[in-house]
Amino acid sequence: MTNNIKTLDSQYIANTYSRYPVQIVDGEGSILTDENGKHYIDLGSGIGVNIFGQKDPAWIEAVQTQLHRFQHTSNLYYSAPDAELAEFLCERTGLKKVFFSNSGAEANECAIKAARAYAAAKKGKEWSTIVTLRDSFHGRTLTTLAATGQDMFHQDFLPLTPGFVHAEPDDLEGLKQIVRENRVAGILIECVQGEGGVRALSDAYVKGVAELCEKEDIVFMTDEVQCGNGRTGKLYAYEHYGVLPDVVSTAKGLGGGLPIGATMLGMKVENVFTPGKNGSTFGGNPIVCAGALSILKRLDDKFLAEVTRKGNFVKEYLAGKPGIERVSGLGLMIGVKTVKSENEVVAKMMENGVLALTAHGGMVRLLPPLNISDADLKKALDVLLAAAA
Ligand SMILES: *Cc1c(COP(=O)(O)O)cnc(C)c1O
């Protein structure tokens, strides 16, 4: 540990993060290097961000090309990268329009605004309730904290934005009752809950939510900040369920390491925003969007099939091994419930050259770069198994 950096960090960086005692100084693909020259296989990818790993040549090329043209113009003028990225997203999903921001929380804020604007215009402004799920995670702003169904994040910040109700995941009857008892504008779910425990919602539930929203004219929203952009073996996780949401928010992996949020608006809500109703100084930044397009273009069916294959391999490799209770998730979004505590397992893995994440509910969470090699993946899983045994 370069002591100086640790000292500077604890003296000057707001005390919101408890960091591992590792300083990263370099990386290449799925490998990170610390200040002592020790290598790690990265099964976290910056929390599902670096989906093509570090120093991804195609992304660097796209970013550098745009960097040498212009870096930022504001949204007062037209520019190509955001328009082309939006076109790509809409063509691939069937959604109609995109609002760009800079983070997952902002992407969800926009989704919530879209749902409330739609309901206010259609049914009246008292129809403002947004239903989200227990164990969800939607961000850190006061409104997305209200959306987040985990009380531990709420403490110290009350009052949060009003108008949020939390439902039990996979309980369709309970959700129907909430819809009967509240004036609901929108329902926001993660098809695969990430931070809250790496839990894929059931097929019947997600289909049921989509049908309920259709029937009651409620805005159906999926938060694909973590499970989107190829992570689960589909471009967006809702595709596993054969549904098309009215609103899809995403961020994390979309930018390949630069900050971006995107809120995709389907037919039902594509015109809820008019000039002045939302905005972001940096939203649609040309450098970020040029990089994002280079990422998305490579997430074709062949590549996504590889994500599925690797995800299945991970599950089969870990299932039933000593110290492993169960394995959850979809594609390369994987939760591992270990007999030992998740923190102990992750610390041991780090000692032995593998970085992994944790999630709520005592889970070790794996979000490797989607292009991780089979050899690195297997090597990392062997380290996990040794740590968990
Ligand atoms: C990380 C995450 C967010 C918040 O994204 P930020 O970019 O940190 O604001 C929202 N929703 C989900 C599902 C996430 O995983």
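One-based numbering, in listed order, for ligands and for the atoms of each. Note that the numbering runs from 1 along the sequence shown for the chain.
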query = Can a donor-acceptor pair be found between the side chains of T148 and H138 at a distance below 3.5 Å?
reply = no
ask   = With a 3.5 Å cut-off and no angle check, do the side chains of N108 and S249 form a donor-acceptor pair?
value = yes
request  = Work out which heavy atom in P162 is nearest to a heavy atom in R116; give both atom names and the distance.
outcome  = O-NH2, 3.0 Å
request  = Keeping the roles fixed (side chain from E239, backbone from Y236), state whether a donor-acceptor pair exists under 3.5 Å.
outcome  = yes
Could you pull out the N/O contacts under 3.5 angstrom between ligand 1 and the surrounding protein atoms?
from: ligand 1; atom 1: 7 (O); to: G104; atom 2: N; distance (Å): 2.8
from: ligand 1; atom 1: 9 (O); to: G104; atom 2: N; distance (Å): 3.4
from: ligand 1; atom 1: 9 (O); to: A105; atom 2: N; distance (Å): 2.8
from: ligand 1; atom 1: 11 (N); to: F137; atom 2: O; distance (Å): 3.1
from: ligand 1; atom 1: 11 (N); to: D223; atom 2: OD1; distance (Å): 3.4
from: ligand 1; atom 1: 11 (N); to: D223; atom 2: OD2; distance (Å): 2.8
from: ligand 1; atom 1: 15 (O); to: Q226; atom 2: NE2; distance (Å): 2.8
from: ligand 1; atom 1: 15 (O); to: K252; atom 2: NZ; distance (Å): 2.6

task = Could you check K252 against N229 for side-chain hydrogen bond (donor to acceptor under 3.5 Å, both in side chains), going step by step and ending with a plain yes or no?
result = CA-CA 9 Å; K252 289 198 167 93; N229 309 302; over 6 Å; no
inquiry  = So does I287 get a backbone contact from the side chain of N285, meaning a donor-acceptor N/O pair under 3.5 Å?
reply    = yes
